[in-house]
Q: 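Following this message is one structure expressed as structure tokens.
We count residues from 1, following the sequence as given.
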Amino acid sequence: MNKRIFVLFLAVILFTMAGCGKTSSAPKSAQEVLDKAEAAMKDLKSVHSSIVYDESIVTSDPVKRTTKNVQIQSNVELNPLKVSEEVLYKIPKQGRQQLHIFQQQDQMVIKVDEEPWRKLTEAQRNGSFGVFVPYAAPVVDFTLLKPFIETAEMEKVDYGYALHFSLSPAEYRQLVKNVSINSNDAERLIHTHTGFPVIDRMDIELRVNEKTFFVTGLKLSAQVTSYFERDYIRYKQKMDAKYSYFNAVDPIKLPADAAELVK
């Protein structure tokens, strides 16, 4: 065989084998993507997250509307756990607050605007953010999505995969029960969020990098009305979480006065 033809033939064989290998290793289902992502995130050492959360609640009795906007920038080191969060918290007619939160292992402290540092519990932190934010900040919590993976749809997107979850009324009830553990008043949360729910929209999207399987984004968009006989509570919630700087976050250093509280 001519040497040039042989080299070309060999190159074609190697290219074909490489292509077959890539295809066989690609995930074939939403469950496989979620499993690979969960395994990859266990190896994560540090990450930056950027989260925007908007919430609007309208009640019929009394007639009332409340809204809030939470913007979070956080760095996290996972072993041992150390978190630095900068939070902008805005409520119309109540103004805005700048929150600085540090966590070291199970100890957490907060500084609100120019006030002194003080200790903070996990329940207090989660209660001020909203029911879904604790599952996204500072890193994604897969327990939010696992119960609904069987009906999730997988889509190939730039740089990875997107898993799409659209919840039914029964699945929404289950979701509320699952997230209630982060509430200061779980029974009240379950009651006010369920009732007889009419779901106009309840979509969740998880984005995963195709090479590392690190989670790069989590989006949630919900519009649900819960009816209680003649009364109702209407919720509109939107969350957009992005993750970056995987294993490349600068070492987290607590301010001296904050560090004194978490010894």
Side-chain angles (χ1 to χ4, degrees), residues 27-42 49 51-60 66 68 70 72 122-155 161-208 213 215 217-229 231-241 243:
K28 298 179 176 60
S29 67
Q31 179 71 66
E32 190 175 350
V33 171
L34 193 70
D35 290 344
K36 286 178 176 289
E38 186 174 23
M41 295 296 278
K42 288 179 180 178
S49 60
I51 298 171
V52 178
Y53 177 78
D54 289 285
E55 180 180 84
S56 172
I57 301 175
V58 178
T59 59
S60 61
T66 58
K68 68 180 175 183
V70 181
I72 305 171
E122 184 177 4
Q124 289 171 331
R125 172 193 177 273
N126 294 344
S128 65
F129 283 172
V131 295
F132 296 114
V133 173
Y135 287 86
V139 290
V140 65
D141 184 343
F142 291 94
T143 61
L144 180 73
L145 305 174
K146 280 184 177 180
F148 317 108
I149 191 62
E150 290 186 3
T151 58
E153 296 182 359
M154 181 180 72
E155 177 189 9
Y161 305 93
L163 303 186
H164 300 282
F165 302 77
S166 294
L167 305 191
S168 66
E171 289 174 325
Y172 175 75
R173 287 174 180 268
Q174 183 180 355
L175 177 69
V176 170
K177 289 181 179 179
N178 293 345
V179 302
S180 68
I181 62 174
N182 285 313
S183 171
N184 290 329
D185 190 346
E187 290 186 6
R188 182 175 180 276
L189 175 70
I190 293 172
H191 174 71
T192 58
H193 275 262
T194 52
F196 178 78
V198 175
I199 299 176
D200 296 313
R201 187 179 187 87
M202 186 67 218
D203 297 327
I204 305 173
E205 179 189 272
L206 183 78
R207 291 215 170 200
V208 178
F213 283 94
V215 173
L218 177 66
K219 290 185 179 181
L220 179 145
S221 180
Q223 184 170 332
V224 180
T225 303
S226 292
Y227 289 92
F228 306 88
E229 296 181 350
D231 297 321
Y232 66 82
I233 303 176
R234 181 173 296 120
Y235 301 92
K236 290 184 180 180
Q237 294 154 323
K238 188 175 182 180
M239 181 175 68
D240 187 357
Y243 304 95

Q: I need the minimum non-hydrogen distance between Tyr227 and Val198, along with the two atoms involved.
A: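 The pair with the smallest heavy-atom distance is CE1-CG2, 3.7 Å.
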Q: Can you tell me how far apart CZ (Arg201) and OG (Ser166) are? Round to the nearest 0.5 Å.
A: 8.0 Å
Q: With side-chain contact (heavy atoms from CB on, under 4.5 Å) as the test, would you mind laying out the steps for Leu218 and Ile204 before giving the verdict?
A: CA-CA 7 Å; Leu218 177 66; Ile204 305 173; 3.8 Å; yes
Q: Provide the closest heavy-atom pair for Pro147 versus Gln174 in the form atom of the first, atom of the second, distance.
A: CB-NE2, 3.4 Å
Q: For the NZ atom of Lys68 and the CG atom of Asp54, what is their distance to the nearest 0.5 Å?
A: 11.0 Å
Q: Output, in order, the C-alpha distance, side-chain angles, deciding distance and verdict of side-chain contact (heavy atoms from CB on, under 4.5 Å) for Leu175 and Phe148.
A: CA-CA 9 Å; Leu175 177 69; Phe148 317 108; 3.9 Å; yes
Q: Let me confirm one number: the CZ-NZ distance from Arg207 to Lys219, rounded to the nearest 0.5 Å.
A: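 Going from CZ on Arg207 over to NZ on Lys219, the span is 6.5 Å.
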Q: I need the minimum non-hydrogen distance between Leu34 and Phe142, along with the two atoms involved.
A: CD1-CD2, 3.5 Å
Q: Between Lys36 and Val208, is there a side-chain heavy-atom distance shorter than 4.5 Å?
A: no
Q: For the residue pair Phe213 and Tyr161, categorise the inter-ring angle as parallel (less than 30°), tilted (30 to 60°) or perpendicular (more than 60°).
A: parallel
Q: Indicate yes or no: at least one non-hydrogen side-chain atom of Phe129 is less than 4.5 angstrom from one of Ile72.
A: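 They are in side-chain contact.
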Q: Is the closest side-chain heavy-atom distance between His193 and Tyr172 below 4.5 Å?
A: yes
Q: I'd like to check Asp203 versus His164 (side-chain heavy atoms, cut-off strictly below 4.5 Å). Are they in contact?
A: no
Q: Does Glu122 have more than 12 heavy atoms from other residues, nucleotides or ligands lying within 6.0 Å of its CD?
A: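 No, not enclosed.
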Q: For residues Ala137 and Arg125, report the shortest heavy-atom separation together with the two atoms involved.
A: O-NH2, 3.3 Å
Q: Are any of the side-chain heavy atoms of Lys146 and Glu38 separated by less than 4.5 Å?
A: yes
Q: I need the minimum non-hydrogen distance between Ser49 and Pro138, along with the two atoms involved.
A: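 Ser49 and Pro138 have their closest heavy atoms at OG-O, 3.2 Å.
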Q: For residues 231-238, which side-chain donor-acceptor pairs fall under 3.5 Å, sequence neighbours excluded?
A:
residue: Arg234; atom: NE; partner: Thr225; partner atom: OG1; Å: 3.2
residue: Tyr235; atom: OH; partner: Thr192; partner atom: O; Å: 2.9
residue: Gln237; atom: NE2; partner: Glu55; partner atom: OE2; Å: 3.3

Q: State, yes or no, whether a side-chain contact exists between Val176 and Val131 at a heavy-atom distance under 4.5 Å.
A: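 No, their side chains stay 4.5 Å or more apart.
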Q: With a 4.5 Å cut-off on side-chain heavy atoms, are Tyr53 and Phe132 touching?
A: yes
Q: Can you list every pair that meets salt bridge (charged side-chain N to carboxylate O under 4.0 Å, His left out) and has a residue in residues 164-181, with sequence neighbours left out?
A: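 Found none.
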Q: Return yes when atom CZ of Phe196 has more than 12 non-hydrogen atoms of other residues, nucleotides or ligands closer than 6.0 Å, and no otherwise.
A: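 Atom CZ in Phe196 is not packed in, count stays at 12 or less.
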Q: How long is the gap from CG on Leu167 to CE on Met202, to the nearest 0.5 Å?
A: 5.0 Å
Q: Measure the shortest side-chain to side-chain distance between Leu206 and Val215 over non-hydrogen atoms and say whether it is less than 4.5 angstrom.
A: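 Result yes, sub-4.5 Å side-chain heavy-atom pair found.
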Q: Mind listing the closest non-hydrogen atom pair of Tyr243 and Gly217 along with its distance?
A: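 Shortest heavy-atom contact: CD1-N, 3.9 Å.
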